[in-house]
Amino acid sequence: MKLSKYPGCILAICLLFANIVATKAQDTWSLQRSVDYALANNIDIRQQSVQKRLAELTLHQSKMARIPTLNGSVNGSYASGRNVDPITNSFITTSYASYTGALSAGANIFNFFYQQNTIASNKYNYQAQDKLLEKARNDVAFNIATAFLQILLNTEQVHISEVQVKLTMDNLANTKKLVIAGSVPESNQADLEAQLATDSVTLVNAQNQVIQSTLQMKALLNLSFDQPYVPQIPDNIGEIPLPRLDEVDPEMVYSAANNNNPLIKADQLLIKSSERSYAAYRAQMYPTLSVSGQAYSGFATSAKNTEIVSIKNVSDETIGTVVTSTGTYNVTNKVYEYNTKSTTIPFKDQVSNNFKQTLGVSLNIPILNGWTYRTNAQKAKLNIESQKLTMEKDNQKLRQDIYTAHANAVSALQKYYAASRGVDASQKAYDFATKRFDLGLMNTIDYITTQSKLFNAQINKVSAQYDYIFKMKLLEFYRDQKIAL
């Protein structure tokens, strides 16, 4: 069996090494840089930020609702045919244009503290949305750290796979010389060629895992998928500061989390918001007292002033008779006919003449409204119970998650110790096997088996180490609501 039968594996190895060389010149991302970028660009955070701004606008509007209302209106119309004169209220057939303007104002005098409770409810809701935004930021920061550790783990597995491939290639090259010299059978070379193919596939899979975890990181960052992301790998992963297990006792961590966890604080604020909302709905069932006022005036082209220009005619009109001893006499009256001129009353005069004001006080007493107000109050009361149950559920889940994380951390530490002992034992076995194989005292299959055991032990140790780091960082996150490597 010839190595040339596996050109794809060799090409993948060459591409991998070429990619590693290329990425060294690229800009690297530290965990802090990744977190800062995610806090500014992550979609979940941006969505929660929108919810916070909506809550802020609702709070602002409820505060402004206490200010008296003031509205103005201006209307204009043109009428022809038989219409009612807007000034004299008499029927006319003259076409005219009219314009009216009004200012109206209103204010609540007393509404059983409906507005105050509404403002308080919206204020608590706004504060809750702020805590939920903080939770979203913390969750994203933790997810970024988790993805960062996963990339580091996968990268470390790539390095181990590279060493494995190199060892197999060195053994294959040495075996070829021995085959040519006739010291070992050609089957030894075939076995090593098959092992090289297997190791190459493992290396390609490890490289693909790095790509997949990097894509996951880019999704969390909302980073363009064509933009490179190269993590800044710590010099020694074992030097990452971790708390001791006795410093993250589950009950102690829960006590700290119960005081610092933004979700729990948000639940508490939402309960207060629901209680004030219930008080506001109850206030709607009681009478409300309000005051209103209006100022109005208008102008119409039909409003005329008639002015006498000259006397057109003078005539006598008999209005009666007077009987005396001397006879009967007619009583007459002078009737004058004038030449007149009509002009539209000026705008200023009409506005002044038609100006009117009203002031009213209103007492609104809810009597029967389809049970709407009472039903809304009962729904608000049930919402308080629902929010309390939500907080109880979140508290229960928080405690369960912390105890689970602590148990997993203890288990991860034990696995790491066991994996470390496994690497030491496998390394000794491999060293002895190498000496025996070089002397021709061990066949290729047994040697490859020993080499594979070392490889698997190294992978298990690295996985256990990163798993322990992750579990401890999770407990640290619950305790302090922050994470750092």
Side-chain angles (χ1 to χ4, degrees), residues 1-24 151-214 233 415-416 418-466:
M1 184 180 297
K2 301 297 183 182
L3 191 60
S4 58
K5 293 182 179 180
Y6 302 92
C9 298
I10 301 302
L11 177 61
I13 296 171
C14 294
L15 291 176
L16 176 63
F17 283 117
N19 182 62
I20 293 174
V21 173
T23 55
K24 288 182 179 179
I151 294 175
L152 297 185
L153 169 60
N154 294 336
T155 302
E156 189 67 26
Q157 290 177 340
V158 167
H159 293 161
I160 295 174
S161 298
E162 290 170 355
V163 172
Q164 177 71 12
V165 169
K166 187 176 183 303
L167 286 174
T168 304
M169 292 178 67
D170 291 342
N171 290 332
L172 178 60
N174 186 49
T175 301
K176 283 183 178 181
K177 296 177 182 179
L178 295 176
V179 169
I180 294 174
S183 301
V184 296
E186 190 175 355
S187 61
N188 287 9
Q189 178 180 340
D191 291 336
L192 284 173
E193 287 175 345
Q195 182 63 32
L196 177 60
T198 301
D199 294 342
S200 299
V201 171
T202 302
L203 179 57
V204 172
N205 289 336
Q207 181 185 14
N208 183 61
Q209 290 299 316
V210 173
I211 295 174
Q212 294 296 327
S213 56
T214 302
I233 301 177
K415 288 180 180 179
Y416 175 69
S420 298
R421 291 192 296 269
V423 169
D424 294 339
S426 298
Q427 185 66 53
K428 290 180 181 179
Y430 175 73
D431 293 339
F432 286 126
T434 300
K435 294 178 181 179
R436 295 182 64 191
F437 180 75
D438 291 341
L439 296 174
L441 301 177
M442 176 179 283
N443 62 54
T444 308
I445 298 299
D446 291 340
Y447 180 68
I448 290 175
T449 300
T450 305
Q451 184 177 343
S452 298
K453 288 182 179 179
L454 174 60
F455 173 70
N456 291 330
Q458 290 172 336
I459 291 293
N460 291 337
K461 178 182 178 181
V462 170
S463 299
Q465 181 181 24
Y466 277 88

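Here the NZ atom belonging to K166 is positioned 14.0 Å from the CG atom belonging to L203, to the nearest 0.5 angstrom. Here the CE-CD distance, from M169 to Q164, works out to 12.5 Å after rounding to the nearest 0.5 Å. Going from atom CD1 of I211 over to atom CG of N154 covers 10.5 Å, rounded to the nearest 0.5 Å. The structure places NE2 of H159 at 13.5 Å from CD of Q458, a figure rounded to the nearest 0.5 Å. We find the CG-CG distance between L192 and N174 to be 9.5 Å, quoted to the nearest 0.5 Å. The distance from the OG atom of S420 to the NZ atom of K415 is 14.0 Å, given to the nearest 0.5 Å.
Within the 4.5 Å cutoff, no side-chain heavy atoms of S200 are placed close to those of V204. Taking the side chain as every heavy atom from C-beta outward, D199 and F455 never approach each other to under 4.5 Å. Under the 4.5 Å side-chain criterion, counting only non-hydrogen atoms from C-beta, Q195 is in contact with S452.
Taking every heavy atom of both residues into account, T168 and Q451 meet most closely at OG1-NE2, 3.0 Å. Scanning both residues, T202 and S161, for their nearest heavy atoms gives CG2-OG, 4.0 Å. The two atoms that bring L172 and Q189 nearest to each other are CD1-O, 3.7 Å, heavy atoms only.
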Stepwise side chain to side chain donor-acceptor pair (under 3.5 Å) test for D431 and Q427
CA-CA 6 Å; D431 293 339; Q427 185 66 53; 3.1 Å; yes

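With sequence neighbours left out, T214 forms a side chain to side chain contact (heavy atoms under 4.5 Å, CB included) with I151, V210, K218, Y229. In this view, S463 and L153, Q157, I459 satisfy the side chain to side chain contact (heavy atoms under 4.5 Å, CB included) rule, not counting sequence neighbours. A search for side-chain hydrogen bond (donor to acceptor under 3.5 Å, both in side chains) contacts involving N460 returns nothing, not counting sequence neighbours. The side chain to side chain contact (heavy atoms under 4.5 Å, CB included) test applied to T450 returns A429, Y430, A433, not counting sequence neighbours. Checked against side-chain hydrogen bond (donor to acceptor under 3.5 Å, both in side chains), Q212 has no partners two or more places apart in sequence or in another chain. Applying the side chain to side chain contact (heavy atoms under 4.5 Å, CB included) rule to V163 yields the partners L167; only residues at least two apart in sequence or on another chain are considered.
With salt bridges taken as basic N to acidic carboxylate O contacts below 4.0 Å, none links D424 and K428.
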